[in-house]
Number of protein chains: 2
Amino acid sequence: MTSTPPPLSSPPLTSTLPLTSTLPLTRIAVRPEPARPPARVAEILAAARDILEREGADALTMRRIGEVLGIRAPSLYKHLASKDALATGLAEVALAEVGEYLHRAVDEADAGAVVAALIGAYRGYALAHPNLYRMFTAGRLPRAALSSGLEQWAGEPFYRATGDPYRAQALWAATHGAVLLELEERYLPGSDLDRTYAALAEAFAA
Amino acid sequence: MTSTPPPLSSPPLTSTLPLTSTLPLTRIAVRPEPARPPARVAEILAAARDILEREGADALTMRRIGEVLGIRAPSLYKHLASKDALATGLAEVALAEVGEYLHRAVDEADAGAVVAALIGAYRGYALAHPNLYRMFTAGRLPRAALSSGLEQWAGEPFYRATGDPYRAQALWAATHGAVLLELEERYLPGSDLDRTYAALAEAFAA
DNA sequence: ACCCGGCGGCTAACGCTGTTAGCTGAAGGC
DNA sequence: GCCTTCAGCTAACAGCGTTAGCCGCCGGGT
């Protein structure tokens, strides 16, 4: 673990990586220690996630969260500084989840189809948790508040699949874009999205 | 103009296009007639755009728009049904603008570097108008309210650059994702984004 | 045993948002 | 000259995140 991989969100300016076909399919970075919030905060986050996933982003109000917990909205501020802090907490949870999911997808993929497997896993997670995915993806969340290293670790599978930090960033961005457009239904009904994702995988499979 | 190209957002399920390297670099679809809103509505849209670009999305309030126009907020509803309708109007303007910009970029590109030129133009527009770009991109805008064909026409440059509807969709999504991540500063400072975009262009240059 | 501090609830309220209802003056058509 | 329509206005509502200030309860220290 002496040589850490370039983090996804900030590759080193000079790549020291060989551009050969031998990919670093083994995991490199260690999973960062997950944040362990106080019990009541964890309950609030769980309730918030529940509301977000079941009822949508518009329903995620402080008053609604309080209602679910049998509490009035202002009492939430005894545990959380702001709604943004709550969003950050949710992002932390989702980031750890999706990171684990993507790492496992790379672990289990056939060597020849890593990129396609990764894209498929990414898409699968986003479609399974659309509102949660939008939460830690869209909008500006205060990245400084996230556990250090978590974001890099979550993005590492793209580096494992491409073997190059810039291709990793590009593939991550591309997959993110495709998933976002799908979530927001910007493709007219009838589009064969499988073929679009296949085209994306093909472009990065070289 | 008898054979229209497959629209970007909904390619035909069976592609009738040759996958050769001869790209349809000429423009195919005609630019749809731009919507011509009543004069006062156009003034409101102009003021809204001004506020959005100069002061950010949070400042784009009905009261603020009224203030700029020397009007009270409720009076805006004599011209617009809702704030969503206003957002739709802005999206229409931006879509026409970016479409024209991208088409021209493809027009003027060297034959061997169309994809890179297109990506560069897309990135350039988004960076020049970040808040406007987010407006018609993020969030859910009622696509039914947009001028029919406008969105397809605006996306056509990606088809012109790739020659295949699915690669076009994938490239569009990928560029969109990369630009979004850049706008939301999800790359840590110090990242050489030019290289990331280059990697993206390279993947689609085949 | 008592006090005392803090935790975690509560109500009331503020300023902001989009939006509606209802009034009014001015302009234009018959 | 009247009457309709347009385009402004004020007042107000519900809902949002958030703050201030109050209070009961529970645990620890002396």
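Chain letters run A, B, ... following the sequence lines, proteins first, then strands; residues in each count from 1. Since the model is a prediction, treat every value here as computed from it, not as a measurement.
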On DNA chain D, nearest-nucleotide positions of A/Ala81 versus A/Ala59: which is more 5'?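 Nearest-nucleotide comparison on DNA chain D picks A/Ala59.
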Would you mind reading off the distance between B/Tyr77 atom OH and C/dC23 atom P, rounded to a whole angstrom? 21 Å
With no hydrogens and no angle check, just 3.5 Å: does a side-chain donor-acceptor pair link [X] and [Y]?
X	Y	result
A/Gln169	A/Tyr159	no
B/Tyr125	B/Glu97	yes
B/His103	B/Arg160	yes

For nucleotides 9-13 of chain C, print each protein N/O atom paired with a nucleotide N/O atom at under 3.5 Å, atom names and distance only.
from: C/dG9; atom 1: OP1; to: A/Arg40; atom 2: NH1; distance (Å): 2.4
from: C/dG9; atom 1: OP2; to: A/His79; atom 2: NE2; distance (Å): 3.1
from: C/dG9; atom 1: O6; to: A/Lys78; atom 2: NZ; distance (Å): 3.0
from: C/dC10; atom 1: OP2; to: A/Arg72; atom 2: N; distance (Å): 2.6
from: C/dC10; atom 1: OP2; to: A/Ser75; atom 2: OG; distance (Å): 2.9
from: C/dT11; atom 1: OP2; to: A/Arg72; atom 2: NH1; distance (Å): 3.0

Take the angle between the ring planes of A/Tyr187 and B/Trp172 and call it parallel below 30°, perpendicular above 60°, tilted in between. perpendicular
Would you call the rings of A/Tyr122 and A/Phe158 parallel, tilted or perpendicular if under 30° counts as parallel and over 60° as perpendicular? perpendicular
Counterpart residues, side-chain hydrogen bond (donor to acceptor under 3.5 Å, both in side chains), relative to A/Thr175 (two or more places apart): none
Which residues satisfy the side-chain hydrogen bond (donor to acceptor under 3.5 Å, both in side chains) test with B/Asp194, sequence neighbours excluded?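 Partners of B/Asp194 by the side-chain hydrogen bond (donor to acceptor under 3.5 Å, both in side chains) criterion, ordered by chain and then number, come out as B/Arg123.
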Could you give the start and end, 5' to 3', of the contact zone on DNA chain D for chain B, using atoms under 4.0 Å from its heavy atoms? D/dA7 to D/dA12
Any salt bridge between B/Arg186 and A/Glu151, counting N to O under 4.0 Å? yes
Crowding at CD, B/Glu202 (>12 non-hydrogen neighbours, <6.0 Å):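 Count not over threshold, so no.
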Who passes ring pair (Phe, Tyr, Trp, His ring centres under 6.0 Å) against A/His176, sequence neighbours left out?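 Scan of A/His176 (ring pair (Phe, Tyr, Trp, His ring centres under 6.0 Å), adjacent residues dropped) gives A/Tyr133.
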Mind running a 4.0 Å heavy-atom check of residues 44-53 of chain A against DNA chain D and sending the residues that fall below it, in number order?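 Those residues: none at all.
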Taking any heavy-atom pair under 4.0 Å as a contact, classify B/Leu60: base, sugar-phosphate, or nothing.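 Touches sugar-phosphate only.
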